[in-house]
Amino acid sequence: MKLWGGRFTKDTNELVERFNASITFDRRFWKEDIEGSIAHVTMLAKQGIITGDDRIAIMDALIQIRTDIENGTLTISDDSEDIHSFMEETLISRIGDVGKKLHTGRSRNDQVALDMKLYVRNEITELDSLLKHLLLTIHTIMKNNTETFMPGFTHLQKAQPVTLAHHLGAYFEMFKRDRMRLSDTYKRMNLCPLGSGALAGTTYPLDREYSAKLLSFDGATANSMDSVSDRDYLVELLSNMSLIMMHLSRFSEEIILWNSNEYQFVDIDDAYSTGSSIMPQKKNPDIAELVRGKTGRVYGALMSMLTTLKGLPLAYNKDMQEDKELTFDAIDTAKGCISLFDGMLATIRFNRQRMEDSARRGFTNATDAADYLVNHGVPFRDAHGIIGKLVLYCVDKNIALDDMSIEEFKAVSPVFEDDIYEAISMKTCVEKRNTKGAPGRDAIKQIIDENEKYINSDC
Ligand code: ARG
């Protein structure tokens, strides 16, 4: 049965019917469709647009449909055009003419706008709790590794020593911002389009604020044409998810590097690694690689959505049906990647000795050696030159600055005394850096305390 057969004299071409239909993917928000219909019918009765008896008959049938789908006695068939048609057709087939009153003062245009918002709202909440869990995993590693020294890099060259807590703290900030963005998007989108009709509202005395309240929105949308054609919140969500994926991808890249034979900073747990069918020695970081790979897919969804919306005249256009598959896929991808990455990170082993040795071998204390000279009255530019010479000397002898004898130090500058060893030790290099946000013990402790409060707060 079609909802719009009245003005047609011929059947639709079969290919057109398939091409036009969205039931194969919008069935995903069947629960939201029922939830919206229950709110609508409640409002219609409150306004005296339908009788209380009609409301009860429709609501009972909708609740029964929900139960039947849940327990498998009713299957959503692909014969309907979309989930909205399926629900209305099923309702009418069960309770007859009274079911035809459900669509009073409503169009599929405001209905789909509502369903998608209801669906996305739940997904934002889920994404957020997955991110919160990931932050907890990072926080735990940070607390246990405030003295795990490692090289910090710029240009992928060893630069200055940091700690694992500090390095992971950078990702804590990224995922924290991701949660803020999701919450901003939620707040902005949380207005209810129901009752906007096809585009120009309706002549029935609907109470749109009441429907909005029933569905836990902050209020009703202010312009009926915008209500049925607004997909900004999907662009925002896709952009938020692109950033989440970008952060996961950067982190994955580091884990792939750290897991390589050259670095050996980490061992990925067997449960999160895969083998090679030909090379028995291999333990591959496939999960991290897949997360990195799937990032492109989410970026693609964002580009696709923006392109679909570009140039659409007001108000609803069928192009908008294209918003669903790509958004669903991007949500599934982002959610899957966050939780897999979280599991991989929680079980990873950090090779502390290897990290510290690596920091020691890369002249990461060269800046501190120069600072030592500056603190003893040598102008910074001269100090830079002196340490540069020492580095060349050490490279030639394949030793670290700390391995030089005091005589070797003094041969380049008489300013050096025995306390140079203490001044350039890994511990000193890190611990002297106590500006806010730096890796020093006091500085990182302050941040970890703040993070702890954040993790334990309601947000
Ligand atoms: N399946 C449609 C969509 O996803 C629902 C709205 C249909 N509205 C219409 N006027 N054809 O956008």
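Of the N and O atoms on the side chains of Lys445 and Thr146, not one donor lies less than 3.5 Å from an acceptor on the other residue. If you check the side chains of Asp270 and Ser273, you find no donor sitting under 3.5 Å from an acceptor. Asn190 and Lys117 share no side-chain donor-acceptor pair at under 3.5 Å. Judged purely by distance below 3.5 Å, without hydrogens or angles, the side chains of Asp68 and Gln64 pair a donor atom with an acceptor atom. Side-chain atoms of Tyr119 and Arg28 form a donor-acceptor pair, as typed in the model, at a separation below 3.5 Å. Looking only at atom types and distance, the side chain of Ser242 has no donor-acceptor partner in the side chain of Ser239 under 3.5 Å away. Defined by atom type and a distance below 3.5 Å, a donor-acceptor pair is missing between the side-chain atoms of Thr364 and Gln160.
In this structure, Arg179 and Tyr454 have side chains that are in contact, with non-hydrogen atoms separated by less than 4.5 Å. Proximity of Arg66 to Ile63: side-chain heavy atoms (C-beta onward) are separated by under 4.5 Å at one or more points. Val430 places none of its side-chain heavy atoms less than 4.5 Å from the side chain of Val162. With contacts defined as side-chain heavy-atom distances shorter than 4.5 Å, the pair Lys213/Tyr210 does not qualify. In this structure, Lys31 and Glu70 have side chains that are in contact, with non-hydrogen atoms separated by less than 4.5 Å. Counting only heavy atoms from C-beta outward, the side chains of Ile65 and Leu74 approach each other to under 4.5 Å. By the 4.5 Å heavy-atom criterion applied to side chains, Pro285 and Asn259 are counted as neighbours.
Under the side-chain contact (heavy atoms from CB on, under 4.5 Å) test applied with Ile348, the options Asp269, Ile255, Asp267 reduce to a single match, Ile255.
Using a distance-only test at 3.5 Å, with no hydrogens or angles considered, a donor-acceptor pair links the side chain of Thr327 to the main chain of Asp323. Judged by distance alone, the side chain of Arg292 and the main-chain N or O of Ile256 form no donor-acceptor pair under 3.5 Å. Put simply, the side chain of Asp110 never gets that close to the backbone of Leu194: no donor and acceptor are under 3.5 Å apart. When atom types are taken as modelled, the side chain of Asp449 and the backbone of Gln446 share no donor-acceptor pair closer than 3.5 angstrom. The main-chain N or O of Thr333 is never found under 3.5 Å from a side-chain atom of Arg297 such that the two would form a donor-acceptor pair. A donor-acceptor pair under 3.5 Å is formed between the side chain of Ser252 and the backbone N or O of Leu248. Under a 3.5 Å cut-off, the side chain of Asn145 and the backbone N or O of Ile141 do form a donor-acceptor pair.
Under the 30°/60° scheme for interplanar angles, the aromatic rings of His247 and Phe175 are found to stand perpendicular. In this structure, His167 and Trp258 have perpendicular ring planes: the angle between them is above 60°, well past the 30° mark.
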Exercise for the section: Dump the intermediate steps for side chain to side chain donor-acceptor pair (under 3.5 Å) on Thr163 and Arg441, then the final yes or no. Expected result: CA-CA 9 Å; Thr163 64; Arg441 199 197 299 140; over 6 Å; no
Exercise for the section: Begin from the C-alpha positions of Asn451 and Lys176 and carry the test side chain to side chain donor-acceptor pair (under 3.5 Å) through to its verdict. Expected result: CA-CA 10 Å; Asn451 292 352; Lys176 199 164 103 184; 4.5 Å; no
Practice task
Walk me through it: do Glu322 and Thr308 pass the test side chain to side chain donor-acceptor pair (under 3.5 Å)?
Solution key: CA-CA 8 Å; Glu322 286 297 306; Thr308 298; 6.0 Å; no
Handout entry: Worked check of side chain to side chain donor-acceptor pair (under 3.5 Å) between Ser22 and Lys324
Key = CA-CA 9 Å; Ser22 52; Lys324 289 171 199 66; over 6 Å; no
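Figure legend: Arg121 and Phe217 shown as a cation-pi pair, the cationic atom lying under 6.0 angstrom from the six-membered ring centre and within 45 degrees of its axis.
Residues Asp26 and His84 share a closest heavy-atom pair of OD2-NE2, 4.5 Å. Across all non-hydrogen atoms, the minimal contact from Val374 to Ala383 is CG2-CB, 4.0 Å. Scanning all heavy atoms of the two residues, the minimum distance from Lys294 to Cys337 falls at CD-SG, 3.9 Å. Counting all heavy atoms, side chain and backbone alike, Thr221 lies closest to Ser227 at OG1-OG, 2.7 Å. The two residues Ala359 and Met150 have their closest heavy-atom pair at CB-C, 3.6 Å.
Annotation: the span from Ile338 atom CD1 to Asp342 atom CG amounts to 9.0 Å, rounded to 0.5 Å. Taking CG of Asn122 as the start and CZ of Phe29 as the end, the distance is 12.5 Å to the nearest 0.5 Å.
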